[in-house]
Amino acid sequence: MKYNHPLPEILGVSEVVRSRLFKVEGVDLKFSNGVRTTYERLAGGNGAVMVVPYDSERKSFVFTREYCVGTEKYELGFVKGKIDDGENPLQAAERELAEEIGLGADSFELLRSLNFAPGFMGLKLHLVLATGIRERKLDSGDEPEPIEREYVALENLETLLYSDDSELCEARCITGIILALRKLNISI
């Protein structure tokens with residue numbers, strides 16, 4: 001299904017504020033009905049990756065546990081990070097996996113590219129499946145403390161995915177598991 005409404009005219013883009021991590025832009029718009037307004041957005045970049053590592057020998061997904069300031073607690077999740085200049089999503093996934101939790105993989109495969117929060121952000125998130133898991137440490141990571149690995153066996157995934165009181169709450173991670181299970185042809 002395609003939406004055929006005319007796009008608003010962009011009258012101008014200006015920087016509203018910049019922090020160490022983010023740049024907020026004001027985008028002046030004119031809609032087809034004549035209404036003018038300004039939207040704010042977080043400016044893009046090269047995008048980001050989230051790596052969904054599957055260890056076939058352990059029949060487990062390899063999660064991370066790291067501090068998240070948004071929720072002010074340690075959260076269960078997956079390796080993720082920005083794509084550096086000159087990298088493609090698979091190269092970024094390989095680097096982030098090694099930097100953050102000291103693992104490598106024999107294979108990296110793009111599961112899907114997603115938008116998240118498109119109402120105020122144009123950044124793409126690339127979900128990448130990593131298989132053939134092995135040790136591989138890179139010391140150039142930018143984390144303030146070591147990120148813990150946590151192996152979750154397939155038999156524990158159903159509760160993690162569908163329980164109302166599950167400690168896995170991040171939508172990107174839940175999406176990554178579901179897409180990885182389909183790609184790996186695994187039923188839980």
Check the pair Val49 / Leu125 against side chain to side chain contact (heavy atoms under 4.5 Å, CB included), numbers first and verdict last.
-> CA-CA 5 Å; Val49 295; Leu125 174 70; 5.6 Å; no
Audit row: Phe61, Leu157, side chain to side chain contact (heavy atoms under 4.5 Å, CB included) steps and yes/no | CA-CA 9 Å; Phe61 283 95; Leu157 275 184; 3.4 Å; yes
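Crowding of Leu11 atom CG: a count of heavy atoms from other residues, nucleotides or ligands under 6.0 Å exceeding 12. Other residues, nucleotides and ligands contribute only 12 or fewer heavy atoms inside 6.0 Å of the CZ atom of Phe22. Heavy-atom neighbours of Glu57 CD from other residues, nucleotides or ligands within 6.0 Å: at or below the threshold of 12.
Of the candidates Glu167, Glu75, Glu148, Arg65 forms a side-chain hydrogen bond (donor to acceptor under 3.5 Å, both in side chains) with just one, namely Glu167. A side chain to side chain contact (heavy atoms under 4.5 Å, CB included) with Val62 is found for exactly one of Val152, Ile101, Val79, namely Ile101.
Side chain of Ser166 to backbone of Leu168: a donor-acceptor contact under 3.5 angstrom is found. When atom types are taken as modelled, the side chain of Lys80 and the backbone of Phe78 share a donor-acceptor pair closer than 3.5 angstrom. Counting only distance, with no hydrogens or angles, the side chain of Glu100 and the backbone of Leu97 share no donor-acceptor pair below 3.5 Å. In this structure a side-chain-to-backbone donor-acceptor pair under 3.5 Å is missing from Arg136 to Leu103. In this structure, the side chain of Asn88 engages the main chain of Gln91 through a donor-acceptor pair within 3.5 Å. No donor-acceptor distance shorter than 3.5 angstrom exists from the side chain of Arg18 to the backbone of Lys23, with no hydrogens or angles considered.
With 3.5 Å as the limit, one finds a donor-acceptor pair spanning the side chains of Asp28 and Thr38. Defined by atom type and a distance below 3.5 Å, a donor-acceptor pair is missing between the side-chain atoms of Asn46 and Asp84.
Annotation: cation-pi geometry satisfied between Arg58 and Tyr151 (NZ/CZ under 6.0 angstrom from ring centroid, within 45° of ring axis).
The pair Glu135-Arg149 meets the salt-bridge criterion, since a charged nitrogen lies less than 4.0 angstrom from a carboxylate oxygen.
Below 30°, between 30° and 60°, or above 60°: for Tyr67 and Tyr74 the angle between ring planes is above 60°, a perpendicular geometry.
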